[in-house]
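Working notes, structure below.
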Amino acid sequence: MRGIVWLRRDLRLSDQPALTAACEACSEVIPLFVFDDPLLRSKTFGSVCVNFMLGCLEDLAASLAARGLPLQWRRGEPVEEVVTAAREWKVDVVYWNRDYEPAALLRDRAVQLQLAEQGVEVRTFKDHVVFEADEVCGITGEPMQRYSAYRARWWTKWQAVKPTLLPIPRGLCVEKAVPLPAPRPIPAARELGYEPLTPWIRAGEQHARKRLAWFVAEPIHAYVNSRNLPALDGSSKLSPHFRFGTLSPRTAIHMALASLATGGRVSRPDVLTWIDELVWREFFQQVLSAFPRVAGGPFRAIAVPPARESGPERDRFFQAWCDGQTGYPIVDAGMRQLNETGWMHNRVRMVVASFLIKDLRLDWQCGERYFMQRLVDADVAANNGNWQWCASTGTDAMRGYRIFNPALQSKKFDPDGAYIREYVRELDGAASKWIHEPHLMSPDEQVHARCRIGRDYPSPIIDHQQARREYLDLAKQQVKR
Ligand SMILES: Cc1cc2nc3c(=O)[nH]c(=O)nc-3n(C[C@H](O)[C@H](O)[C@H](O)COP(=O)(O)OP(=O)(O)OC[C@H]3O[C@@H](n4cnc5c(N)ncnc54)[C@H](O)[C@@H]3O)c2cc1C
């Protein structure tokens, strides 16, 4: 039997269900990746994300080549490309790991239908999550809307099932190779219409595993505190690897739990808190899978204040937010980190999102889109779920009262301003006392700090306390209606 393994967001060899199943059942295996031209043209994702994906593909192609199996790739409309490949290569079956994004579900259904017409079988597998939406659900099978309840059930399920890991398939070898023309090298970013960049987080399965090994050896055991401090390397920075599947969540969880048995300074609460973040990831995947409409709008049509109307002020606010020129150092540091590196610390993501929605009163979907275009880990489920959480329109909405005070967040989580100084370089000379609210410096202090507010660094574009009051008033009016 001849089979294609259609690789998508599972760019690795170990703990890879579709690849393992194909190697077990087929005498001939063709690993295939399709560059989705319409998606690439839409520029939904940015250069940093595309370059990361290309790095993962190069790593995967090298790992497969080392085992005598070339990674075939095609470029075009994915349904057409997969169906054509199956016909041209005369395959009996196509394998893939499931994807829960609404567009991906439609695409996969179309491929399945067309392959069925050609008499080609399709076999699909759970991979991207530990548990799919229908495995962790309410008593009557309904999808869960509260993270805390979901988390409790998720852990019960984990204890009951303890998913095992799949090794790199032994059958992944030259004997399975199909005599096809040798594939061309993986295209460069420029050929796909993107700027070439070297992502700051290194791509590929080997780097994912190295980073995970480093993280579970030590930093994970101090995660509860250090994860909130943006100046530290206190979180795993594995999000792009989970996004492109260079690491499976099962591997990460097993290794995290195994680290508790290594002796030395280990901490169970820290490890469990880190795994809970992966449960958040699964939670948002199941929300998207059960309620695909969230990808296009609010989960809940609750009474949140309307976004500011379009016009020059709205445009000025949005531009200042995107450029990191709001006059709020923690917000500006976050946005500049995003623009420069393609990544932003989680705590700061929450602060900048709250600032966009509650202080500037701009549509959360503008922020969601901007993040998708800039993040190396851009992921529909996690991005949408978190933006809706910040906008109070999501599954566990709090009606708009969750408003972050940027200066307080900054004082608490970046007390010396080390993070701010790294990205807002014009404030480098400011004393720690002023770094969070530099507009409060006297003219003499500004001279001493070599930073004139309004010239070298902007004055706040909005008054936080006033914006907060206005937002809450608007929220109350909405509730009364
Ligand atoms: C407004 C906003 C937008 C976001 N957009 C994305 C996005 O597009 N892609 C993305 O992967 N994450 C997103 N997040 C979640 C979170 O910020 C990142 O996953 C995290 O910062 C990645 O860093 P890390 O790998 O060091 O995380 P760690 O702290 O090491 O956590 C481990 C893993 O858990 C998952 N995780 C952690 N926090 C969350 C969370 N809040 N929601 C869902 N999964 C989580 C990630 O896969 C992460 O790699 C967003 C958060 C906010 C507030």
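This chain uses plain numbering: 1 for the first residue, then up along the sequence. Treat the numbers as computed from the prediction; the structure is a model and nothing was measured. As a basis for the values below, the full set of heavy atoms in this structure was taken, side chains included, without hydrogen atoms, waters or symmetry mates. Every number for a ligand or one of its atoms is a count from 1 in the order of the listing.
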For [atom], tell me which residue out of [options] has the closest non-hydrogen atom.
atom	options	answer
atom 33 (C) of ligand 1	D233, V380, L278, V279	L278
atom 44 (N) of ligand 1	E368, R347, H345, R281	R281
atom 11 (O) of ligand 1	I220, N228, I275, D377	D377
atom 26 (O) of ligand 1	A391, S354, G385, S235	S235
atom 30 (O) of ligand 1	C49, S236, A381	S236
atom 34 (O) of ligand 1	M350, Q285, E277	E277
atom 10 (C) of ligand 1	A378, A353, A382	A382
atom 2 (C) of ligand 1	N386, D276, L212	N386

For [atom], what is the closest protein heavy atom, and at what distance to 0.1 Å?
atom	answer
atom 1 (C) of ligand 1	W387 NE1, 3.5 Å
atom 22 (C) of ligand 1	S239 OG, 3.2 Å
atom 13 (C) of ligand 1	R349 NH1, 3.3 Å
atom 16 (C) of ligand 1	N346 OD1, 3.3 Å
atom 24 (P) of ligand 1	K237 N, 3.4 Å
atom 31 (O) of ligand 1	W274 NE1, 3.5 Å

For [X], atoms of ligand 1 separated by under 4.0 Å from a heavy atom:
X	answer
L238	25 (O), 49 (O)
F284	42 (N), 43 (C)
L375	5 (N), 7 (C), 8 (O)
F371	1 (C), 2 (C), 3 (C)
D379	7 (C), 8 (O), 9 (N)
F242	47 (O), 49 (O)

Output field: ring centroids [X]/[Y] closer than 6.0 Å:
X	Y	answer
W96	F125	no
W6	Y95	no
W321	F317	no
F355	Y328	yes
H241	F52	yes
W274	F215	yes

Could you work out, with ring pair (Phe, Tyr, Trp, His ring centres under 6.0 Å) as the rule, every residue matching W200, not counting sequence neighbours?
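Only W343 meet the ring pair (Phe, Tyr, Trp, His ring centres under 6.0 Å) criterion with W200.
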What pairs with W364 under ring pair (Phe, Tyr, Trp, His ring centres under 6.0 Å), at least two apart in sequence or on another chain?
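In terms of ring pair (Phe, Tyr, Trp, His ring centres under 6.0 Å), with neighbours along the sequence ignored, W364 is linked to no residue.
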Taking a cutoff of less than 4.0 Å between a non-hydrogen atom of the residue and any ligand atom, is [X] in contact with ligand 1?
X	result
W343	yes
R243	no
W389	no
R227	no
Y223	yes

Hey, is the main chain of [Y] close enough, under 3.5 Å, to the side chain of [X] for a donor-acceptor pair?
X	Y	answer
R300	G394	yes
N51	P196	no
R250	D127	yes
E142	T140	yes
Q159	W154	no

Is there at least one pair of N or O atoms, one from N383 and one from ligand 1, spaced under 3.5 Å apart?
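Yes; at least one N/O pair falls below 3.5 Å.
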Looking at R151 and D276, does any basic side-chain N land under 4.0 Å from a carboxylate oxygen?
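Looking at D276 together with R151, the answer is yes, because their closest N to O distance falls below 4.0 Å.
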Reference residue H128; test side chain to side chain donor-acceptor pair (under 3.5 Å); the match among R8, R281, R243
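Looking at R8, R281, R243, the match for H128 under the side chain to side chain donor-acceptor pair (under 3.5 Å) is R281.
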